[in-house]
Amino acid sequence: MIGPGSGEHFLDFHRNFIKNLENALINRGKNQYVPLPKWNPADPIPAEFSHPGRSTNNPGISPPSWITLAGGSIGDPVFGYTSLGQFKSSDELGRALGSDFHGLVHMTIGGDMNSFRSPQDPIFYPWHAFLDDLWSDWQNSPNGKSRCFIATAAYGSDLEPPVRFLRNFRDNVVLQSRFQKPFNTILNVYYSFSPPIADAMYHNNAFKHIMKYSIVLPFVVLARTVAFLINPFIVRKSRS
C-alpha cells in the first residue's frame, strides 16, 4: 500500500512508535523488555503475544530475499532491486516495504492487525521492530552510510530541508572541490562514530535538543552561508 504512510515517513513513524514504547518501559523500570523483541512472520506468533480476533497465529510469510544483504533472484515490487544494499535511500526502502510485504503480514494475521487499531495487537511491536532492524541493516550498508546521521536524528527525518541541504552541500559542493580527498577521510571518521550518537539522540530528547541547537543548527547556518557564496542554486534546491 503506497500512500501517506509510505516511503521514509513509513519507516520514521514506526521507529518513533517503537522508541516511545521503549522509553515508556524504561521510565517504568521495565528495562528488561528493552530493546523490544523482533518477530519474523515466517514463525508462529509466540504465545505471550496472544490476542483475540486474529485470522491466524501462524502467518507463515517468509521475508523476501530482496530485504536481505545477501539478496536473491527476486526483485522488490517497486524498483526491482534484488538485495537490501541496492536501495539508494530510506525513502525507496520504505516504499518497497510498504507496497507489499508489510501489508501482507497485517492482512494475513487479520483482526486488529488488519485495521487502524493494529497497535492494539501486541505482535504489532515485535513485527515493526523486525522491520526497523531491516532499516538499520540498510543504514549500515554502503548506500545507507551516505546519510547525515546526527542531522537526521536532530530533525527527525532525512526529508527535512536542513538535512537535504547538508546532503546537497556535501555531494555538490565539498565533494566536487579540491578538498574532496581530505573531506572523504573526515566523512569516514564521522560515519564511524555518528551512528551511536544519533541513536542516543533518538532515545533522549534533552540530548537531542542540545545537539540540534548547539552543533547541528549552527553548522547548517555556516554551511548555508558558504554554499550561497559559492553557488546559490544549492540553497534553493534544498528548499524545493
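All of these numbers come straight from a predicted model, not from anything done at the bench. FYI, the numbering just counts along the sequence from 1.
Of the inter-residue distances, the one linking I150 atom CD1 with M211 atom CE reads 4.5 Å to the nearest 0.5 angstrom. Atom CG in N20 sits 11.0 Å away from atom CG in L25 (nearest 0.5 Å). Distance CD1/I67 to NE2/H102: 12.5 Å, rounded to 0.5 Å. In this structure, CG in D137 is found 6.0 Å from CG in L84, a value given to the nearest 0.5 Å. Interatomic distance, L166 CG to E160 CD, rounded to the nearest 0.5 Å: 12.0 Å. Atom CG in L104 sits 4.0 Å away from atom OG1 in T108 (nearest 0.5 Å).
Counting heavy-atom neighbours within 6.0 Å of F207 CZ, excluding the residue itself, gives a total above 12. Crowding of L69 atom CG: a count of heavy atoms from other residues, nucleotides or ligands under 6.0 Å exceeding 12. Within 6.0 Å of CZ in F116 there are 12 or fewer heavy atoms belonging to other residues, nucleotides or ligands.
No continuous path of hydrophobic side-chain contacts links I210 to Y213 [ILVMFWY only; heavy atoms under 4.5 Å]. Cluster annotation: V216 is not connected to I186 through the hydrophobic network of ILVMFWY side chains, with a link wherever side-chain heavy atoms come within less than 4.5 Å. The cluster map of Ile, Leu, Val, Met, Phe, Trp and Tyr, joined by side-chain heavy atoms under 4.5 Å apart, puts M107 and F130 in different clusters. Following chains of ILVMFWY side-chain contacts shorter than 4.5 Å, one cannot reach L222 starting from F179, and the two form parts of different hydrophobic clusters.
Residues W66 and S83 form no side-chain contact, since every pair of their non-hydrogen atoms from C-beta on lies 4.5 Å or further apart. Looking at V105 and W39, their side chains come closer than 4.5 Å, going by heavy atoms from C-beta outward. Counting heavy atoms from C-beta outward, R224 and F165 have side chains that approach closer than 4.5 Å. You'll find the side chain of I61 reaches within 4.5 Å of the side chain of F101, heavy atoms only. Contact check for E92 versus V78: no side-chain heavy atoms found under the 4.5 Å cut-off. Counting heavy atoms from C-beta on, the side chains of I45 and I109 come closer than 4.5 Å. The side-chain heavy atoms of S89 and E8, taken from C-beta on, include no pair separated by under 4.5 Å. Side-chain contact between S65 and I74 is present, with heavy atoms from C-beta onward closer than 4.5 Å.
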- [ ] Decide side-chain contact (heavy atoms from CB on, under 4.5 Å) for Y33 and K30; before the verdict, give the C-alpha distance in whole Å, the side-chain angles of both, and the deciding distance to 0.1 Å.
- [x] CA-CA 6 Å; Y33 300 115; K30 305 293 185 180; 3.6 Å; yes
Task: Stepwise side-chain contact (heavy atoms from CB on, under 4.5 Å) check, R54 with I123 - done: CA-CA 11 Å; R54 291 175 181 153; I123 200 59; 3.7 Å; yes
Task: Trace of the side-chain contact (heavy atoms from CB on, under 4.5 Å) decision for F10 with L93 - done: CA-CA 10 Å; F10 163 82; L93 177 59; over 6 Å; no
TODO: Apply side-chain contact (heavy atoms from CB on, under 4.5 Å) to F79 and K88, showing your working.
DONE: CA-CA 10 Å; F79 304 98; K88 296 180 176 62; over 6 Å; no
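Across all their heavy atoms, P63 and A42 have their closest contact at CD-CB, 4.2 Å. Nearest heavy-atom pair across S99 and A96 is OG-O, 2.9 Å. Residues P35 and E22 come closest through the heavy atom pair CA-OE2, 3.3 Å. Taking both residues in full, the closest heavy atoms of A151 and V163 are given as O-CG2, 3.6 Å, listed atom of the first, atom of the second, then distance.
A donor-acceptor pair under 3.5 Å links the side-chain atoms of D76 to the main chain of Y81, judged by distance alone. Between the S118 side chain and the N114 main chain, no donor and acceptor come within less than 3.5 Å of each other. In this structure, the side chain of S115 engages the main chain of D112 through a donor-acceptor pair within 3.5 Å. Panel note: side chain W135, backbone G94; no donor-acceptor pair is recorded below 3.5 Å. Without hydrogens or angle criteria, K38 side chain to L36 main chain gives a donor-acceptor distance under 3.5 Å. Listed for the N204 side chain is no donor-acceptor partner under 3.5 Å among the backbone atoms of A200. Side-chain atoms of N23 come within 3.5 Å of backbone atoms of K19 as a donor-acceptor pair (strictly under, hydrogens ignored). Of the possible polar contacts, none joining the D132 side chain to the H128 backbone as a donor-acceptor pair under 3.5 Å is found. A side-chain donor-acceptor contact under 3.5 Å links T225 to the backbone of V221. With R28 contributing its side chain and A24 its backbone, the two residues share a donor-acceptor pair below 3.5 Å.
Outside the 6.0 Å centre-distance limit, the rings of H14 and H9 are not counted as a close aromatic pair. A ring-centre distance under 6.0 Å is not found for F17 and W127. When ring centroids are compared, F49 and Y125 stay outside the 6.0 Å threshold.
Ring orientation note: the planes of F149 and Y190 are tilted relative to one another, at an angle of 30° to 60°.
Side chains of W138 and S90: a donor-acceptor N/O pair is absent below 3.5 angstrom, by distance only. Counting only N and O atoms by type, the side chains of T152 and R167 include no donor and acceptor under 3.5 Å apart.
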